[in-house]
There are 2 protein chains.
Amino acid sequence: MQIRKQHLVDTAYRLFNEHGYHATGIDRILAESGVSKATLYKHFRSKDDLVIAVLRQRHEQLIQAIGKAVEQARESGRSPGLAIFDVLDEWFRGDHFFGCNFINASAEYAEEGNAIHRLAAEHKAAMQDLIEHGLVEIPNRRQRQLMAKQFSLLVDGAIVRAHTRGDRDAAQLAKKLAAQMLCQR
Amino acid sequence: MQIRKQHLVDTAYRLFNEHGYHATGIDRILAESGVSKATLYKHFRSKDDLVIAVLRQRHEQLIQAIGKAVEQARESGRSPGLAIFDVLDEWFRGDHFFGCNFINASAEYAEEGNAIHRLAAEHKAAMQDLIEHGLVEIPNRRQRQLMAKQFSLLVDGAIVRAHTRGDRDAAQLAKKLAAQMLCQR
DNA sequence: CTTGACGTGAACAGATCTGTTCACTTAACC
DNA sequence: GGTTAAGTGAACAGATCTGTTCACGTCAAG
């Protein structure tokens, strides 16, 4: 991707996180990225198009980060099914945590049919698949799918709790619950 | 409360739900409620003030509805701790479900110090207290508090799942998990 | 009958929003 | 040296945003 285009996406990503999607105007993204308006509209057809590009990039980042954590857990003998909660924990404690881009976008673009709303749904479905893939410890397929759904719900719950309430320990709370589910089975 | 003021809050509540907070302009609220702009600014100092009034009303509604459900569960011998998930289930299956106003507002007014963001945090804290109060089945106080935290996380996870993915069964998924937690203890 | 609370409608201010257009520059490449 | 792609800066359009102001209605209570 071209330098300017990438720069726009990165700046937009930061501003969307810090202030929300509608509250962040094109002009501010341009000012802070130092890119001209004509260039933006050469790369993106609309602001929504830029939002989608930001979300796509974030999606790739997350899939990669979680996939890697699962892999590392497996290699070091820790539970791969619980690895995602350690990723969350690190995320929540970082300086730049503003909740999940997809949950936030879903809230702002509330209509079910909206392209951005649908993108968020697809992301969450992909996350659930990734979680299911990490639950190698469970041999039974139906049981694994059910637990992946529940873990995915725990992940979203932890993110929302961390964001709305500023509870940095939300990941550990969810992890404890998830661990009990795994043991108990 | 005056008729006009109440009408404004009700209309704003509906539009904020359907389209989000920033995406809903004052003019639209006025047009659909049939109230004049001067009246709005007589009752509310700003749009944010109207948002806050909407959220306060919703807060009262929810506290009352859940309190009632817990009470009824207790009377009819069902588990009061799980009653909240039945409230969620009914909510998710209704025609007018657009996620949690507070989670959505928290996303749009992302800054931690923002008054609306803080209001959402307070609401979630109150919900957790209500949940804890419903967990009469658990005698140990520390254990009850921990489980209230976890149940609160499950509630938020279910709401987000239902909203972003359109999964109407999210409440049952969370309830199943919660029930296991209660049994296992 | 007057007062005061409540409300209307419309104009206005001033900012900000997304998106378009165009003449000009820069720099790499054949 | 000429071509081409990428970008700039600035003006512009037209809509929409929040918020203010003011002259004018309506109506119930004292």
Side-chain angles (χ1 to χ4, degrees), chain A residues 1-57 104-105 107-111 113-117 119, chain B residues 1-57 104-105 107-111 113-117 119:
Chain A
M1 210 188 313
Q2 297 89 332
I3 288 181
R4 300 273 143 178
K5 188 172 180 181
Q6 184 61 53
H7 198 178
L8 279 171
V9 171
D10 291 342
T11 307
Y13 169 68
R14 179 172 58 81
L15 290 174
F16 287 156
N17 268 320
E18 289 174 5
H19 308 289
Y21 295 89
H22 286 96
T24 304
I26 287 287
D27 287 343
R28 177 148 187 203
I29 298 170
L30 296 173
E32 298 210 13
S33 64
V35 175
S36 74
K37 192 177 278 198
T39 300
L40 186 151
Y41 281 98
K42 200 165 290 176
H43 288 301
F44 304 99
R45 296 159 71 195
S46 66
K47 183 187 175 182
D48 277 14
D49 208 35
L50 174 58
V51 171
I52 287 173
V54 166
L55 292 180
R56 277 201 220 282
Q57 169 168 299
N104 295 348
E108 291 213 35
Y109 302 91
E111 291 90 352
N114 181 285
I116 295 171
H117 193 99
L119 195 64
Chain B
M1 212 191 305
Q2 297 89 333
I3 288 181
R4 301 273 143 180
K5 187 172 181 181
Q6 184 62 53
H7 199 178
L8 279 171
V9 171
D10 291 341
T11 308
Y13 169 68
R14 180 173 57 80
L15 290 174
F16 288 156
N17 268 320
E18 289 173 5
H19 308 289
Y21 295 88
H22 287 95
T24 303
I26 287 287
D27 286 343
R28 179 149 187 203
I29 297 171
L30 296 174
E32 298 210 14
S33 64
V35 175
S36 74
K37 194 177 277 198
T39 301
L40 186 150
Y41 282 99
K42 199 165 289 176
H43 289 299
F44 304 99
R45 296 158 73 193
S46 65
K47 183 187 176 182
D48 278 14
D49 208 34
L50 174 58
V51 172
I52 287 174
V54 166
L55 291 180
R56 278 201 220 280
Q57 170 168 296
N104 295 348
E108 292 213 35
Y109 302 89
E111 291 90 350
N114 181 286
I116 295 170
H117 193 100
L119 195 63

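We name chains A, B, ... by the order of the sequence lines, and we start the count at 1 in each one.
Heavy-atom distances to DNA chain D give each of A:His43 and A:Lys37 a nearest nucleotide, and the one nearer the 5′ end belongs to A:His43. Sequence order on DNA chain C of the closest nucleotides to A:Ala38 and A:Gly25 puts A:Gly25 first from the 5' end.
As rounded to whole Å, 10 Å separates atom P of D:dC17 from atom CD1 of B:Ile29. What separates CG of A:Leu30 from C1' of C:dG19 is a distance of 11 Å, to the nearest Å. Between the P atom of C:dC17 and the CG atom of A:Leu40 lies a distance of 14 Å, rounded to the nearest Å. Atom pair A:Leu8:CG and D:dG7:C1' shows a separation of 11 Å (rounding to whole Å applied). Distance, A:Asp27 CG to C:dC17 C1': 8 Å, rounded to whole Å. Atom NE2 of B:His7 is separated from atom C1' of C:dC6 by 16 Å (rounded to the nearest Å). Rounded to an integer number of Å, the gap from A:Ile3 CD1 to D:dT8 C1' is 16 Å. Straight-line distance from the NZ atom of A:Lys42 to the P atom of D:dA5: 11 Å, rounded to whole Å.
Between C:dG19 and A:Tyr41, a contact under 4.0 Å exists linking OP1 or OP2 to a side-chain N or O. Look at B:Arg4 and you'll find a side-chain N or O under 4.0 angstrom from OP1 or OP2 of C:dT8.
Here D:dG7 is the nucleotide among C:dG9, D:dG7, C:dG19 with the atom lying nearest to any side-chain atom of A:Ser36. Residue B:Lys47 has its side chain nearest to D:dG19 when only D:dG19, D:dT8, C:dG9 are considered. The nucleotide whose nearest atom lies closest to any side-chain atom of A:Thr39 is, among D:dG7, C:dT8, C:dC17, D:dG7.
For A:His22 and A:Phe16, the ring centers sit 6.0 Å or farther from each other.
A cation-pi geometry, defined here as NZ or CZ lying under 6.0 Å from the six-membered ring centre and within 45° of its normal, holds between B:Lys5 and B:Phe44.
Side chain to side chain, B:Glu108 and B:Asn104 fail the donor-acceptor criterion of an N or O pair below 3.5 Å. A side-chain donor from one of B:His19 and A:Glu111 sits under 3.5 Å from a side-chain acceptor of the other.
Taking both residues in full, the closest heavy atoms of B:Thr24 and B:Leu15 are given as OG1-O, 3.2 Å, listed atom of the first, atom of the second, then distance.
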